[in-house]
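A short write-up of the structure that comes next.
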There are 2 protein chains.
Amino acid sequence: MLTNTEENYIKAIYHLSVDNKTVRTNAISEVMNTTPASVSDMLKKLSDKSYIHYEKYQGVSLTKKGKTEALQVVRKHRLWEVFLVEKLQFNWDEVHEIAEQLEHIQSKLLIERLDNFLDHPTSDPHGDPIPNAKGEMPVLRQVLLSELEITIKAKVMGMKEHSPAFLQYLDKLGITIGSSVKVMDRVVFDASVELKVNDKKTMVVSHEVAKNILVSPID
Amino acid sequence: MLTNTEENYIKAIYHLSVDNKTVRTNAISEVMNTTPASVSDMLKKLSDKSYIHYEKYQGVSLTKKGKTEALQVVRKHRLWEVFLVEKLQFNWDEVHEIAEQLEHIQSKLLIERLDNFLDHPTSDPHGDPIPNAKGEMPVLRQVLLSELEITIKAKVMGMKEHSPAFLQYLDKLGITIGSSVKVMDRVVFDASVELKVNDKKTMVVSHEVAKNILVSPID
DNA sequence: AAATAAATTTAGATTAACCTTAATTTTTGG
DNA sequence: CCAAAAATTAAGGTTAATCTAAATTTATTT
Ligand SMILES: [Mn+2]
Ligand SMILES: [Mn+2]
Ligand SMILES: [Mn+2]
Ligand SMILES: [Mn+2]
């Protein structure tokens, strides 16, 4: 059985894995808030337990076994977030830290009962997909708002950034999951986006903001 | 902030504290499943942090601060047990281990929202009282079934023993919280109890069983 | 292709929570 | 009251997870 720390490392490696590139020690140390030396220690351990492929100085990737574990932790994290928002009336910017703890509770039965209680949600309050009990992740084709073609209407599906500051800003703008958005124009100078939200409100958001909003074009 | 282990020790000391007697090292080691030597180590630490009064060889007692902490952990444990039984359809003999983990989740807000979601329950699935947010424990006057006067009708309020084996046996006997019980007779030889449950079923339970059932006489 | 910089690993420590074995201290019952 | 038993503490170690500082490897720049 994995310790909480091992689970956190494996989850971090999972989240850092994009397009088959290996995940580097320094990148892990950054998201884990530890030193690269501590990461090296842990990588050796995770490699010995065959959760990761590891070649010294070359970065790591998850094994099959490691990926399975990662997906279970992600599943738990996201289901608990749904619980906190849907049942306990938390705001979407308040749930991450608590889910960080709850994701480590060990009980297969608990998580299946929770899933059932929540009516088998497929995405969490930030729009992130929830893997099923087998660890299969629903594949959603989504585009970044920063990449959305001009004048095409789309629906907000999720956020890449989860910090309270960002989520609260979106609350203020009136942008949430399910909102409709249409890019009216792009500012050439700084790639700011002129946006119509829910067919009424027009606003300008920075490229940085647009880069963190996932949308799906409507038909 | 306390570690999970410190919380578990403090809770164990709380549960072992009865009528102002100090709690002994060996008693703690037994319920914590550790060696007396490990307990000594921890007692030194908890004393340094002033959660307990500790004189070498004389046993320990909780300080005000320690008791407050203990009551918060007990509150969390019992609220989570209610959640598991009421909302996730767990049986009362399945919840203890999971609550053992959940009781350590750190978030004041979470526990108050949970309390609210559950409609401020005053006792857990085993009949144990739930301290309120201020740490005030409802005082229930209850008698052990083994002490209940003969032919007096009483209501089952809770169980002292929480092991799955015991709770499942009660399920089989049809004795649960809220059942009415009347002691028809006591066997002098071994103090077994002849019992009428819910005004119908008559059965015999051992003294050992009767000692672990808390009842409250009906008027 | 060096030389410098950046990334990573190794070495050596620290802290928490354990353990085993060996003192101590307290309790008990003859 | 005192010796044996029981309880408790002390000493010395282990493992997991961390750290700092130093060494090594890889990458980048002249
Ligand atoms: Mn976590
Ligand atoms: Mn999320
Ligand atoms: Mn616990
Ligand atoms: Mn209980």
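These numbers were taken from a predicted model, which means no experiment stands behind them. To find a chain, count down the sequence lines: A is the first, B the second, and so on, and within it residues start at 1.
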Please list residues of residues 19-29 of chain B whose heavy atoms come under 4.0 Å from any atom in DNA chain C, ordered by number; otherwise none. none
B/Tyr57 side chain N/O closer than 4.0 Å to the phosphate oxygens (OP1, OP2) of D/dA6? no
With A/Glu103 as reference, evaluate A/Lys11, A/Lys76, A/Arg75 under the salt bridge (charged side-chain N to carboxylate O under 4.0 Å, His left out) test and give the passing residue. A/Lys11
Would you indicate what B/Thr5 reaches in the nucleic acid, counting non-hydrogen atoms under 4.0 angstrom: base, sugar-phosphate, or nothing? sugar-phosphate
Does B/Ser38 have a side-chain nitrogen or oxygen under 4.0 Å from the phosphate oxygens OP1 or OP2 of C/dC18? no
Residues passing the salt bridge (Lys or Arg N to Asp or Glu O under 4.0 Å) test with B/Lys211, sequence neighbours excluded, are B/Glu208
Whole-Å distance between C/dC19 C1' and B/Met32 CE? 15 Å
Return the set of residues passing salt bridge (Lys or Arg N to Asp or Glu O under 4.0 Å) with B/Glu6 (not counting sequence neighbours), or none when no residue passes. B/Lys45, B/Lys49
note: B/Glu55, atom CD; C/dT26, atom C1'; distance rounded to Å ~ 14 Å
For B/Leu16 and D/dA7, give me the distance from atom CG to atom P, rounded to whole Å. 15 Å
Partners passing side chain to side chain contact (heavy atoms under 4.5 Å, CB included) against B/Leu195 (at least two apart in sequence or in another chain): B/Leu145, B/Ile175, B/Val181, B/Val183, B/Val193, B/Val197, B/Met203, B/Val205
Can you name the residues that form a salt bridge (Lys or Arg N to Asp or Glu O under 4.0 Å) with B/Asp93, not counting sequence neighbours? none
Rounding to a whole Å, what distance do you find between B/Lys44:NZ and D/dA10:P? 5 Å
Taking B/Asn91 for the side chain and B/Glu94 for the main chain, is one N or O donor matched with an acceptor at less than 3.5 Å? no
Expressed in angstrom and rounded to an integer, what is the separation of B/Asn8 atom CG from C/dC18 atom P? 9 Å
Just to confirm, is there a sub-4.0 Å distance from OP1 or OP2 of D/dC19 to any side-chain nitrogen or oxygen of A/Thr35? yes
Only pairs under 3.5 Å count here: list side-chain donor-acceptor contacts from residues 21-33 of chain B, not counting sequence neighbours, and write none if there are none.
residue	atom	partner	partner atom	Å
B/Thr22	OG1	B/Gln58	O	3.0
B/Arg24	NH2	B/Tyr57	O	2.7
B/Ser29	OG	B/Asn26	O	2.8

For B/Lys87, the salt bridge (Lys or Arg N to Asp or Glu O under 4.0 Å) test, sequence neighbours excluded, returns none
Are OP1 or OP2 of D/dA16 and a side-chain N or O of A/Thr3 less than 4.0 angstrom apart? no
Distance check: side-chain N/O of A/Lys56 vs OP1/OP2 of D/dT24, anything under 4.0 Å? no
Would you list the atom pairs, donor with acceptor, under 3.5 Å between side chains in residues 117-129 of chain A and any protein atom, with sequence neighbours excluded?
residue	atom	partner	partner atom	Å
A/His120	ND1	A/Asp115	OD2	2.9
A/His120	NE2	A/Asn116	OD1	3.2
A/Asp124	OD1	A/His126	N	2.7
A/Asp124	OD1	A/Gly127	N	3.1
A/Asp124	OD1	A/Asp128	N	3.0
A/His126	ND1	A/Glu81	OE1	3.1
A/His126	NE2	A/Trp92	O	2.8
A/Asp128	OD2	A/His162	NE2	2.9

Distances under 3.5 Å between protein N/O atoms and the N/O atoms of nucleotides 11-15 of chain C, please, pair by pair.
none

Just the rounded figure in Å: distance from C1' of C/dT9 to OH of A/Tyr54. 7 Å
B/Glu30 atom CD is separated from D/dT8 atom C1', nearest whole Å, by 15 Å
Test of ring centre spacing under 6.0 Å for B/Phe83 and B/Phe90: no
Let me know the distance between CG of A/Leu46 and C1' of D/dT18, rounded to the nearest Å. 15 Å
Please determine, for the side chain of A/Tyr9, which listed nucleotide (C/dT8, D/dT9, D/dT18) has the closest atom? D/dT18
Closer than 4.0 Å, any side-chain N/O of B/Thr34 to the OP1 or OP2 of C/dC18? no
